[in-house]
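These notes concern the structure reproduced below.
First listed ligand is number 1; within each ligand, the first listed atom is number 1.
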Amino acid sequence: MTTNIVGMDLAEMKAMLGPALPAFRSRQLYEAVYKNRVSSIDDISNFPKDLRASLGQSHSLALPEVQSRFDSVDGTQRYLLKLEDGKTVETVLMPEGERYTFCISSQVGCPVNCQFCLTALMGLERNLSAGEIVGQILKVAALNGLETSIDRLNIVMMGQGEPLLNLPNVIRATRILLDENGVGFSPRRVTVSTSGILPKMLELAKEPVRPKLAISLNASNEEQRQEIVPITRKYHLKDLMEVCRNYPLRSWEKLTFEYVLLKDVNDTDADARRVAKLVSNINCKVNLIALNPGPGIAFETPTPERVHNFQEIVQRAVPCFVRRPRGLDVYAACGQLKRMELTQISERPGTSA
Ligand code: SAH
Ligand code: SF4
C-alpha cells in the first residue's frame, strides 16, 4: 500500500521527503504534481533516478478512475469517478464555446436533506479528502488535454455534497487549486455552493485564500424554506440573509444566490417579489434553475413562461439569470448520475437495494 501524494501541500511534501533533501526538491515535486500534472513519479524528470525509485516504493500519484462516462449531445461530459476505497462521485465538465466549467463533488452523498435533491436520498457516506477534490479536476482536465492555468476554466463545487460541511478539506483543496505554483486557477473562477451552513460561512469568510460563495436560497420565506431545505430549522433564513449582507466581498466579487424553481411551491410572482426584496440590498446576482426532476422527487418543473416571469420580477432588483440545464440526456441534476447507477444495480435480479 502506497501513500498518495495528490492532495499534499508544499509543507506536507517537505515533511514527507524528510530533512535530508534540500527544500527545492519539495518545490519540484509540488510543481510536477499540480502545475505540470505528471501522471507518475517516474515522470518527474528533474528528480534523480534513485530518488524517483525510492519515492515510488512508498508513494504514488493516484487520481480517481473513470468508472463510467456519459457524453451529452450538448457537449456536457458526466463522469462517475471511482475513489481509492471503491466509492464513487460525480464530476461534470460543461464546455460552453471557448469556456469550460468543472462541476465537482465535495462529499460522497450529502447529509443535508433538501427535498428536491437526489443526492439527499443517499445520505452522507463520507467526506472527500483534499486530494480527491483536486483529483477530480486533474483527472478530467488530463482526459480533455486542458491546461488548467488559463482563464477559460471555471470550477463550481455543486456536485455531490455540502462543501461547507467538509470545510477543512475544501479549503486545503482550494489553496492548491488557486496557487499559481499549483494548479493555477484564478480565485474569480472557483465557486463553492452552500445550502446555508451559517457558522461555516462565517469561517470561510475569514480565510485569506477562499473561493467565491454561492448560496442555494431555494425559498422565499422562512416557513417555505424550512419545508424544502430542512436545515433551515437550525439555521434560519433571517440569519442567513444577515450573514450574506455582512459577508466580506472582495472588490471584484458578488454573491450568487441559486434558486431551484419548484412548480406551485416556490415559483409564484409573490415568491419572486419576496426573493427580490430579500436580496435587494446585497451585492449579488440570482441564478434560477428549473427543477431537474428525478425518481423519488415529489416536485414538478415549472413551465418556461413561469420561469421567465419569475426572472423578470427578480431582475428589477438584481441581475437574474436562468441557468440552462445541461446534459439532460445523460442524467442531469445534482446526484442524478450516481443515483441512476444505483437504481440500475439495485434492480438487477437477485440483488437488493
Ligand atoms: N450542497 C450544495 C452544493 C451542491 S447542490 C448546495 O446545496 O448548494 C448544487 C445546486 O444544485 C444547489 O443550488 C441545489 O439547489 C441544486 N439542485 C439540487 N437538486 C436539484 C434538482 N433536482 N434540480 C435542480 N437543481 C438542483
Ligand atoms: Fe446536499 Fe446540496 Fe443536495 Fe441539499 S441540494 S441535499 S445541500 S447536495
| said: Checking Ser216 now: which residues fulfil side chain to side chain donor-acceptor pair (under 3.5 Å) with it, not counting sequence neighbours? | reply: Ser193

| field | Residue Lys200 excluded, over 12 heavy atoms near NZ under 6.0 Å | value | no

| remark: Within 4.0 Å of some non-hydrogen atom of Gly161, the atoms of ligand 2 are 8 (S)

| field | The one among Pro111, Gly161, Gly196 that brings a heavy atom closest to atom 1 (N) of ligand 1 | value | Gly161

| said: Do Gln28 and Tyr30 pair up side chain to side chain, a donor and an acceptor below 3.5 Å, judged on atom types alone? | reply: no

| task | May I ask you to list the atoms of ligand 1 that are less than 4.0 angstrom from any heavy atom of Glu258? | result | 13 (O)

| query | Are a donor atom and an acceptor atom from the side chains of Gln160 and Ser105 found within less than 3.5 Å of each other? | reply | no

| query | Relative to ligand 1, is Asn218 under 4.0 angstrom through side chain, backbone, both or neither, heavy atoms considered? | reply | side chain

| query | So is Ser193 polar-close to ligand 1, meaning N/O to N/O under 3.5 Å? | reply | yes

| query | Given Ser216, Gly159, Ser105, which one has a non-hydrogen atom that is nearest to atom 14 (C) of ligand 1? | reply | Ser216

| note | Heavy atoms of Asn169 and Ser129 approach each other most closely as ND2-CA, 3.8 Å

| N or O contact, Phe116 vs ligand 1, cut-off under 3.5 Å | yes

| query | Glu132 and Asn127: side-chain donor and acceptor closer than 3.5 Å? | reply | no

| For Leu291, the ligand 1 atoms whose distance to one of its heavy atoms is below 4.0 Å | 21 (C), 22 (N), 23 (N)

| Between Phe310 and Tyr259, does the ring centre distance come in under 6.0 Å? | yes

| field | ligand 1 contact on Asn292 by region, counting heavy-atom pairs under 4.0 Å | value | both

| request: Answer with side chain, backbone, both or neither: which part of Ser195 has a heavy atom less than 4.0 angstrom from an atom of ligand 2? | output: side chain

| query | If you measure only the distance, is there a donor-acceptor pair under 3.5 Å linking the side chains of Ser40 and Asp42? | reply | no

| query | Between Lys238, Glu223, Arg225, Gln226, which is the residue that forms a side-chain hydrogen bond (donor to acceptor under 3.5 Å, both in side chains) with Thr232? | reply | Arg225

| query | Is ligand 1 under 4.0 Å from a heavy atom in the side chain of Met158, in the backbone, in both, or in neither? | reply | both

| request: Answer yes or no: does atom CD of Glu227 have more than 12 heavy-atom neighbours from other residues, nucleotides or ligands under 6.0 Å? | output: no

| For Met157, is the nearest heavy atom under 4.0 Å from an atom of ligand 1? | yes

| remark: Within 4.0 Å of some non-hydrogen atom of Thr194, the atoms of ligand 1 are 6 (C), 8 (O)

| said: As an exercise, identify every atom of ligand 1 less than 4.0 angstrom from a heavy atom of Cys117. | reply: 18 (C), 19 (N)

| message | Please state which option from Cys117, Pro230, Gly123, Cys110 has its nearest heavy atom closest to atom 3 (Fe) of ligand 2. | response | Cys117

